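Owing to the predicted nature of the structure, the values given are computational and were not obtained by experimental measurement.
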Amino acid sequence: MILSDNHRGALYMTGSMAGFAVEDVFVKAAAKVMPLGQILLLMGIVGVLVFALMAKARGETVAPRAFVAPAMLVRSAFEVVGRLFYGLSIALTALSTTSAILQATPLVVVAAAALFFGEKVGWQRWLAVIVGFVGVLVILRPGVEGFSALSLLAVVGLLGFAGRDLATRAAPKGLSNRQLGILGFAMLATAGAILLAWSGGAVLPDLHGLALIAGGSVFGILGYHALTGAMRTGEVSLVTPFRYTRLVFAMILAMAIFNERPDAATWAGAALVVASGIYTLTRSRAQTR
């Protein structure tokens, strides 16, 4: 059976989200045996080396001057924030909660694009964005007994990722996926170095720790590769909604491996976020057509 570009793009995106969900599991497990900053630093270095070798094999510059263009510096700063606080959230809070909050990133991008880039967003999409933010509040439950201030780490992380996605729009053209991979993992290493310098306590990892680092690096790199393939295959508006499969994989892994049991509020909030996000994307596609 021959698959269409849209079907292949959807499979790439689903595979990418599965890879990132498994990467999160390795990071959370590794954080129990070594400092989180050290984990992010080592995974970042591995990712940089892999993508640098791939870039060299294609005859591409490993560190092009475009990396220090103003838009790329802003993008990198947001990426460091996203990587740092999302990593902290994975290590310190429930994986299911962190993953559910992260799903609001596209909604933040839509709202910020309207406010700062002048993009037209109709009242239906604004309503969907508001519903999505309500879903995040349901998950966080501020002012309620079940509220944990640590959950705000995931919120800061999603703001960092949303800022990165917005800054990418103004980034110089011509950077390959491999070069963007080098920069992305360099920012992961930077986030790890910042956290390690602040917390200290680096340890010599044993074989178990090295295996967890290797596993997280492999699935992170595979996830990134699948993501770039997804965004280059099929219509973006049709492929992008499959980002939400990450929540499904994260919930299953969190319950199976870490024995997490998301409560009704987390399920309800996640449903609101995902439903509003999918509606926002499909509405955007309809308006474009």
Side-chain angles (χ1 to χ4, degrees), residues 13-14 16-33 36 39-40 81-111 126-162 212 215-216 219-220 223 240-282:
M13 182 62 78
T14 303
S16 171
M17 296 301 104
F20 288 141
V22 176
E23 177 193 24
D24 290 346
V25 168
F26 277 104
V27 171
K28 189 172 183 66
K32 297 180 179 180
V33 296
L36 177 63
I39 297 167
L40 301 182
V81 172
R83 295 278 198 175
L84 178 58
F85 284 91
Y86 183 66
L88 285 170
S89 184
I90 290 175
L92 300 176
T93 67
L95 179 59
S96 54
T97 301
T98 298
S99 299
I101 293 172
L102 185 67
Q103 305 312 305
T105 302
L107 300 173
V108 176
V109 171
V110 169
W126 272 119
L127 180 60
V129 168
I130 293 172
V131 170
F133 291 157
V134 169
V136 172
L137 291 176
V138 171
I139 297 170
L140 293 175
R141 283 159 287 184
V144 181
E145 183 179 351
F147 170 71
S148 171
L150 291 175
S151 298
L152 296 176
L153 293 170
V155 175
V156 179
L158 86 86
L159 292 176
F161 288 138
L212 292 174
F219 280 98
T240 300
F242 284 87
R243 281 179 177 269
Y244 292 105
T245 58
R246 180 172 182 168
L247 181 59
V248 177
F249 294 123
M251 290 291 195
I252 292 173
L253 292 171
M255 291 187 290
I257 297 176
F258 300 113
N259 199 33
E260 294 182 12
R261 293 295 181 267
D263 57 19
T266 300
W267 285 112
L272 286 174
V273 171
V274 171
S276 59
I278 292 175
Y279 175 81
T280 300
L281 292 169
T282 54

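Taking OG1 of Thr14 as the reference point, atom CZ of Arg243 lies at 12.0 Å (rounded to 0.5 Å). To the nearest 0.5 Å, atom CG of residue Leu152 and atom OG of residue Ser89 are 9.5 Å apart. Note: Ile130 CD1 to Leu127 CG = 6.0 Å, rounded to the nearest 0.5 Å. Atom CD of Gln103 and atom CD1 of Ile278 lie 10.0 Å apart (nearest 0.5 Å).
For the residue pair Ala162 and Val108, the shortest heavy atom distance occurs at CB-CG1, 3.6 Å. The two residues Asp24 and Tyr86 have their closest heavy-atom pair at OD2-OH, 2.7 Å. Annotation for Ala104 and Val136: closest pair CB-CG2, 3.6 Å, computed over non-hydrogen atoms. Counting all heavy atoms, side chain and backbone alike, Gly132 lies closest to Leu107 at CA-CD1, 3.5 Å. Residues Ala111 and Val129 approach most closely at CB-CG1, 4.2 Å, considering heavy atoms. In plain terms, the two heavy atoms of Met17 and Phe249 that are nearest each other are C-CD1, 4.0 Å.
By the 4.5 Å heavy-atom criterion applied to side chains, Lys28 and Ile257 are not counted as neighbours. Contact annotation: the side chain of Phe258 approaches that of Val25 to within less than 4.5 Å [non-hydrogen atoms, C-beta and beyond]. Two residues are said to be in side-chain contact when any heavy atoms from C-beta on lie closer than 4.5 Å; Ile90 and Glu23 fail this criterion.
Listed by chain and number, the residues in a ring pair (Phe, Tyr, Trp, His ring centres under 6.0 Å) with Phe219 are Phe26 (sequence neighbours excluded).
Thr93 and Thr98 share a side-chain donor-acceptor pair at under 3.5 Å.
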Discussion item. Apply side-chain contact (heavy atoms from CB on, under 4.5 Å) to residues Val81 and Leu159 and explain how you reach the verdict.
Written reply: CA-CA 8 Å; Val81 172; Leu159 292 176; over 6 Å; no
Item to complete: List the steps, then state whether side-chain contact (heavy atoms from CB on, under 4.5 Å) holds for Leu95 with Glu260.
Response: CA-CA 8 Å; Leu95 179 59; Glu260 294 182 12; 3.6 Å; yes
Item to complete: I would like to know whether Val156 and Leu153 meet side-chain contact (heavy atoms from CB on, under 4.5 Å); could you show each step before the answer?
Response: CA-CA 5 Å; Val156 179; Leu153 293 170; 6.0 Å; no
Practice prompt. Decide yes or no on side-chain contact (heavy atoms from CB on, under 4.5 Å) for Leu140 and Ile101, but give the supporting numbers first.
Written response: CA-CA 9 Å; Leu140 293 175; Ile101 293 172; 3.6 Å; yes
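Distance alone, capped at 3.5 Å, is enough to place a donor-acceptor pair between the Arg261 side chain and the Met255 backbone.
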